[in-house]
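Counting convention: from 1, in listed order, for ligands and their atoms alike. The first residue in the sequence is number 1, and the count goes up from there.
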Amino acid sequence: MIPVGFDYARPDSLDGALALLAEHGEDATVLAGGHSLLPVMKLRLAAPELVIDIGKLAELQYVRLDGDEIAIGAGTRHRTLEASEELAAECPLLPAVARTVGDPQVRHRGTLGGSLAHADPASDLPAAVLALGGTVVLRSPRGERQVPITGFYTGVFSSVKEPDELIVEIRVPRTGGVGWAYEKFTRRANDWAIVGVAVVDGRVGLVNMGSTPLRASATEAALADGASIEEAAVLADQRTEPPNDLAATADYRRHLARVLTRRALSTAAGV
Ligand SMILES: Cc1cc2nc3c(=O)[nH]c(=O)nc-3n(C[C@H](O)[C@H](O)[C@H](O)COP(=O)(O)OP(=O)(O)OC[C@H]3O[C@@H](n4cnc5c(N)ncnc54)[C@H](O)[C@@H]3O)c2cc1C
């Protein structure tokens, strides 16, 4: 399908992008890697009057160690996450999850900020940032605010991000040698997850188990109370509302969530 006609702007600075977004509000959309936006525009589910291309802004592309945290520019590509030596040493869950996204073409274009902003409950990286207890940094001409990822998502494809705000940075803790794991269940290589489970430091992020990326809160609470891995993992589908679709029934997803959580917790614990 061919998208509805639109104007295109490629500002040469972040301030320029923010100014355009403030001027055009809900009539404008930003383009980062375009691997979620363009399919949506081609299906005519989105028809912005102005597309603001931020995909080449070097200001948004970095991975920096910053005290106890790692600051990652929103425009950082999945491939950069995969190859980052800083992340491999200080936050290995993130490159491992990035490596499971789509295929090399997708990973060379898609960005972490785009993946979080798109708010698809089937995406891998939001679940990883949830398991890490990360923070989303939003900026508009009105200023900057930091939103814990646990409070970022509000529903299917929606978040607390205002129309004039850009995600500029994602902050995650340095986890160093703490155990971690990512279990992604697909029918074919390169597919989206039917269910995915990210685990680090007793936190569990779930992919495709509800209308938003979410944490397995019952499992986390049980672990904190001293439950065994088996006892905690059987609670992984509590407080979730997995979809029924062509890939799997909700019941099958519940089963997968419990099994994958047990495997991920075992791997993270080294048992
Ligand atoms: C064939 C294919 C397979 C894929 N497989 C997977 C998979 O297995 N797992 C997975 O997780 N993902 C998968 N994806 C999605 C991929 O990871 C996307 O790249 C990602 O979801 C969106 O990132 P993007 O940079 O391309 O964003 P874009 O498509 O450019 O933008 C997506 C949305 O986010 C907004 N946006 C982008 N950046 C910002 C920002 N900095 N601030 C505010 N809003 C912003 C845009 O306005 C738009 O609404 C796949 C995509 C394709 C095409």
Side-chain angles (χ1 to χ4, degrees), residues 3 6 8-11 14 17-18 20-21 24-43 45-48 50-57 59-62 72-82 94 96-130 136-140 144-145 147 152-153 156-170 182 184-196 198 205-208 213 247:
F6 57 89
Y8 172 85
R10 199 172 83 198
L14 178 55
L18 289 168
L20 277 174
L21 206 51
H24 294 273
E26 292 186 7
D27 295 334
T29 300
V30 294
L31 172 87
H35 269 55
S36 293
L37 179 62
L38 294 185
V40 166
M41 286 174 64
K42 284 181 176 178
L43 290 168
L45 297 172
L50 174 67
V51 170
I52 304 168
D53 188 348
I54 60 168
K56 285 194 162 53
L57 291 181
E59 289 169 87
L60 290 177
Q61 297 175 19
Y62 56 84
I72 305 170
T76 305
R77 313 253 176 222
H78 306 334
R79 171 64 192 149
T80 307
L81 302 178
E82 251 186 287
L94 213 46
V97 174
R99 203 163 294 128
T100 73
V101 173
D103 53 39
Q105 270 180 304
V106 174
R107 298 199 291 275
H108 275 88
R109 295 300 306 168
T111 64
L112 179 58
S115 191
L116 266 56
H118 191 53
D120 184 340
S123 285
D124 299 287
L125 286 160
V129 177
L130 267 170
V136 181
V137 183
L138 295 162
R139 194 183 298 171
S140 73
E144 194 169 281
R145 61 183 178 131
V147 180
F152 184 68
Y153 293 109
V156 187
F157 300 114
S158 60
S159 70
V160 299
K161 183 179 74 60
E162 298 289 347
D164 66 344
E165 284 182 313
L166 277 179
I167 300 178
V168 290
E169 189 173 272
I170 296 89
Y182 186 55
K184 177 173 179 174
F185 190 86
T186 59
R187 280 198 297 191
R188 301 168 308 183
N190 304 343
D191 270 355
W192 294 79
I194 294 176
V195 172
L206 298 176
V207 177
N208 226 350

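The shell of residues lying under 4.0 angstrom from ligand 1, judged by heavy atoms, excludes V40. The shortest separation from a heavy atom of K184 to ligand 1 is under 4.0 Å, placing the residue in contact. The closest approach between H78 and ligand 1 falls below 4.0 Å for a heavy atom of the residue.
Under a 4.0 Å criterion applied to the non-hydrogen atoms of L31, ligand 1 contributes the atoms 30 (O). Every atom of ligand 1 is numbered from 1 in the order shown, and the set under 4.0 Å from a heavy atom of G33 is 24 (P), 25 (O), 26 (O), 27 (O), 30 (O). When each atom of ligand 1 is checked for a heavy atom of S36 under 4.0 Å away, the hits are 15 (C), 18 (C), 20 (C), 21 (O), 22 (C), 26 (O), 29 (O), 32 (C).
Proximity of A74 to ligand 1, defined as any heavy-atom pair under 4.0 Å, is confined to the side chain (atoms from C-beta onward). When heavy-atom distances to ligand 1 are checked against a 4.0 Å cut-off, I54 comes that close only through its side chain, counted from C-beta outward. Both the backbone and the side chain of L166 come within 4.0 Å of ligand 1, counting heavy atoms alone.
Residues satisfying the ring-ring contact (aromatic ring centres under 6.0 Å, His included) criterion with F157, sequence neighbours excluded, are H118.
For residues 28-41, there are no side-chain hydrogen bond (donor to acceptor under 3.5 Å, both in side chains) pairs, not counting sequence neighbours.
Looking at atom 37 (C) of ligand 1, its nearest protein heavy atom turns out to be G114 CA, 3.4 Å.
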